[in-house]
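Because the structure is predicted, anything quoted here is derived from the model rather than measured. Per chain, numbering begins at 1; letters A, B, ... match sequence-line order.
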Amino acid sequence: MENFSQWYSEILERAEIYDVRYPIKGCGVYLPYGFKIRRYTLDILRGLLEERGHEEVLFPLLIPEDLLAKEGEHIKGFEDEVFWVTHGGRKPLEVKLALRPTSETAIYYMMKLWIKVHKDLPIKIYQVVNTFRYETKHTRPLIRLREIMTFKEAHTAHATREDAENQVGEAIDIYREFFHELGIPVIISRRPEWDKFPGAEYTVAFDTVFPDGRVIQIGTVHNLGQNFSRTFDLEFETLEGGKDYVYQTCYGISDRVIASIIAIHGDERGLILPPNVAPIQVVIIPLLFKGKREIVERKAEELYKLLKEIGIRVEIDKRDIRPGRKFHHWELRGVPVRIEVGPKDIEDKVVTLYRRDTGEKYKIKEEDIKGEVLDLLERIGKNMRERAEGRMKGYITLLDYKEDTSIEEIVGRVKEILKKKRGIVLIPFSGKIYNEDFEEKVEASILGVTEYNGGKYIAVGRTY
RNA sequence: GGGCCUGUGGGGUAGCCUGGUCUAUCCUUUGGGAUUUGGGAUCCUGAGACCCCAGUUCAAAUCUGGGCAGGCCCA
């Protein structure tokens with residue numbers, strides 16, 4: 001896509017998703033249409049989590065300084081980007097309060113009160129909250145925010161290392177399915193030591209590639225081992241009557257998912273929304289002519305009711321503007337299916353359908369409407385996913401090298417690929433390459449170690 | 001972290017260099033009305049802006065400083 005950056009900000013505004021004009025850097029407003037996309041997206045995520053035994057909770061925004069600072073490695077990872085509440089009215093506070101950059105410390109403080117014996121485990125909870133990071137530069141709407149308005153964070157505690165390990169697997173499955181539902185292709189990799197979540201034993205991350213060829217992290221899963229449970233004293237009585245610290249995991253998804261839905265599927269005409277998160281799945285446009293208004297309006301209502309009955313999110317655009325204008329309006333907003341209702345069609349007992357993903361327009365028999373629409377929404381979701389996957393493949397380059405190839409040559413080739421084609425370069429794993437030194441030389445990020453077609457690779461790309 | 005650039009109706013812009021003519025341009029948006037309506041209609045009529053604070057000056061959208069906000073480049 002030519003100039004993705006510009007396209008992206010324009011689409012946020014014109015499709016009424018998110019208003020960037022709020023007068024604080026890195027803070028904006030979800031508009032009704034954007035908020036609905038967000039809500040349907042979260043509905044999917046909530047469903048997946050709850051199917052697997054997670055329960056939703058809600059923790060305070062404020063975290064006292066001593067709590068936040070308790071886990072040494074963790075706080076080091078965040079200390080330069082924490083917002084602090086220092087005053088209550090005019091009085092300075094005795095203990096500064098942080099606006100949560102993430103909630104590990106708050107949640108684990110409480111977990112201590114909840115966990116006594118192995119029967120209290122596992123605990124699997126999640127919340128959807130706002131979090132704060134004082135980004136000094138390069139904030140971007142929904143991608144790099146100071147107030148992350150949507151942070152779904154799940155936290156689990158387990159009696160054994162093995163259970164925690166399994167939980168990591170479950171979390172990966174959940175996210176894999178989540179992104180599948182949204183038609184967002186991902187590369188899953190284990191982050192390098194030097195880039196893992198502060199306080200974690202290891203981090204598994206989900207990345208996708210935006211139309212400008214840059215890589216963006218859109219989900220993370222962390223195995224915390226006993227790092228936090230030791231500092232927060234999350235001790236419990238084991239089955240055998242001994243004592244042990246719990247084994248923990250946490251995993252998160254943010255506003256970047258919404259950004260990805262927009263970026264991955266959109267085209268020159270605007271958004272293309274996956275049917276399962278589209279606020280309006282079908283829009284009916286009545287084509288009104290003098291003398292034939294009523295018959296068209298009645299038919300539109302009739303179709304509206306039929307579709308409503310089968311649970312489709314459908315609207316009739318009754319505004320008094322030209323149909324062409326309406327077409328553009330709803331195409332910009334990514335509505336998957338449009339139905340045009342005009343006098344000719346009514347006479348012929350047919351309905352005209354338009355699908356946003358391919359731009360195809362066709363007629364069906366009126367009586368087939370219910371089945372066809374349900375099926376079409378299904379086909380659109382599938383087609384969008386396949387198209388996105390195809391594009392992602394085009395952004396992945398396998399780089400092979402021989403035993404005696406020098407590091408310098410590999411660096412040179414990686415740089416060239418990233419310059420020309422961008423995206424992700426996969427290099428067969430080697431310890432010689434998997435280090436910060438190499439990362440520095442290629443002037444890009446080592447995303448981590450990933451499996452691809454059965455092989456073990458180091459993934460490299462320029463990130464957001 | 002270092003450097004550069006920008007801020008004019010809801011959005012995009014002209015004007016700024018060379019202060020006065022700005023009662024601020026054009027496109028889009030938007031309220032009302034009429035004729036229209038199978039891919040962004042037309043006409044009539046209305047609405048809407050110089051980021052904030054200080055300074056220079058008889059006079060500031062225009063010059064200076066700071067703040068806030070946005071964008072770009074390099075590490």
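- For the C1' atoms, the distance linking B:G19 with B:C63 amounts to 8 Å, nearest Å.
- Here the separation of B:G10 from B:A54, taken at their C1' atoms, is 30 Å to the nearest Å.
- A cation-pi arrangement is present between A:Arg146 and A:Tyr134, with the terminal nitrogen or guanidinium carbon under 6.0 Å from the aromatic centre and inside a 45° cone about the axis.
- In this structure, the nucleotide among B:A75, B:U37, B:G11 sitting nearest to the side chain of A:Glu443 is B:A75.
- Residue A:Lys361 places a side-chain atom within donor-acceptor reach of the base of B:G39, judged by atom type and a 3.5 Å distance cut-off alone.
- Residue A:Arg319 places no side-chain N or O under 4.0 Å from the OP1 or OP2 atom of B:U37.
- Heavy atoms only, all atoms of each residue included: A:Val257 and A:Ile218 are closest at CG2-O, 4.2 Å.
- In this structure, A:Arg190 satisfies the cation-pi test against A:Tyr202, with its NZ or CZ atom closer than 6.0 Å to the six-membered ring centre and inside 45 degrees of the ring normal.
- Taking the P atom of each, B:A47 and B:C26 are spaced 15 Å apart, rounded to whole Å.
- Within the 4.0 angstrom heavy-atom criterion, no nucleotide atom of any strand lies near A:Arg140.
- Separating the CD atom of A:Glu297 from the P atom of B:G38 is a distance of 16 Å, rounded to the nearest angstrom.
- When distances are taken from the side chain of A:Leu287 to each of B:C72, B:A75, B:G38, the shortest belongs to B:G38.
- Comparing B:A75, B:G11, B:G38 against the side chain of A:Lys363 picks out B:G38 as the nearest.
- With rounding to whole Å, A:Arg355 atom CZ is found 21 Å from B:G39 atom P.
- Side-chain contact check for A:Glu135 versus A:Leu145: every heavy-atom pair is 4.5 Å or farther apart.
- With distances taken from any side-chain atom of A:Glu340 to the nucleotides B:G11, B:G38, B:C73, the minimum falls on B:G38.
- At the phosphate of B:G40, neither OP1 nor OP2 sits under 4.0 Å from any side-chain N or O atom of A:Lys326.
- For the pair A:Asp317 CG and B:G38 C1', the interatomic distance rounds to 15 Å; values are reported in whole Å.
- Dashed line: the shortest gap from a side-chain N or O of A:Lys25 to OP1 or OP2 of B:G70 is under 4.0 Å.
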Worksheet item: If you write RNA chain B from 5' to 3' in dot-bracket form, with Watson-Crick or G-U pairs under 3.5 Å, [ ] for crossing pairs and | for pairs with another strand, what do you get?
Response: (((((((..(((.......[.....)))(((((((.....)))))))...(((((..]....)))))))))))).

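- Here the nucleotide nearest the side chain of A:Glu331, chosen from B:G38, B:G39, B:U37, is B:G39.
- Look at A:Arg21 and you'll find a side-chain N or O under 4.0 angstrom from OP1 or OP2 of B:G11.
- Looking at the side chain of A:Arg293, the nearest of the listed nucleotides B:C72, B:U37, B:A75 is B:U37.
- Nearest to the side-chain atoms of A:Lys137 among the listed nucleotides B:G38, B:G11, B:G1 stands B:G1.
- The side-chain tip of A:Arg256 does not point at the ring of A:Tyr464 from less than 6.0 angstrom away and within 45° of straight on.
- Here the side chains of A:Phe206 and A:Ile184 are not in contact, with every heavy-atom distance at 4.5 Å or above.
- For A:Thr136, the side-chain atoms get nearest to B:G1 when compared with the rest of B:G1, B:G38, B:G39.
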Item to complete: Applying side chain to side chain donor-acceptor pair (under 3.5 Å), run through A:Glu439 and A:Trp194 and close with a yes or a no.
Response: CA-CA 11 Å; A:Glu439 184 171 55; A:Trp194 64 88; 2.8 Å; yes

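- B:G38 atom P lies 18 Å from atom CG of A:Asp348, rounded to whole Å.
- Side-chain contact of A:Arg38 with A:Thr150: a donor-acceptor pair under 3.5 Å is present, judged by distance alone.
- Only the C1' atoms considered, B:G66 is 16 Å distant from B:G7, to the nearest whole Å.
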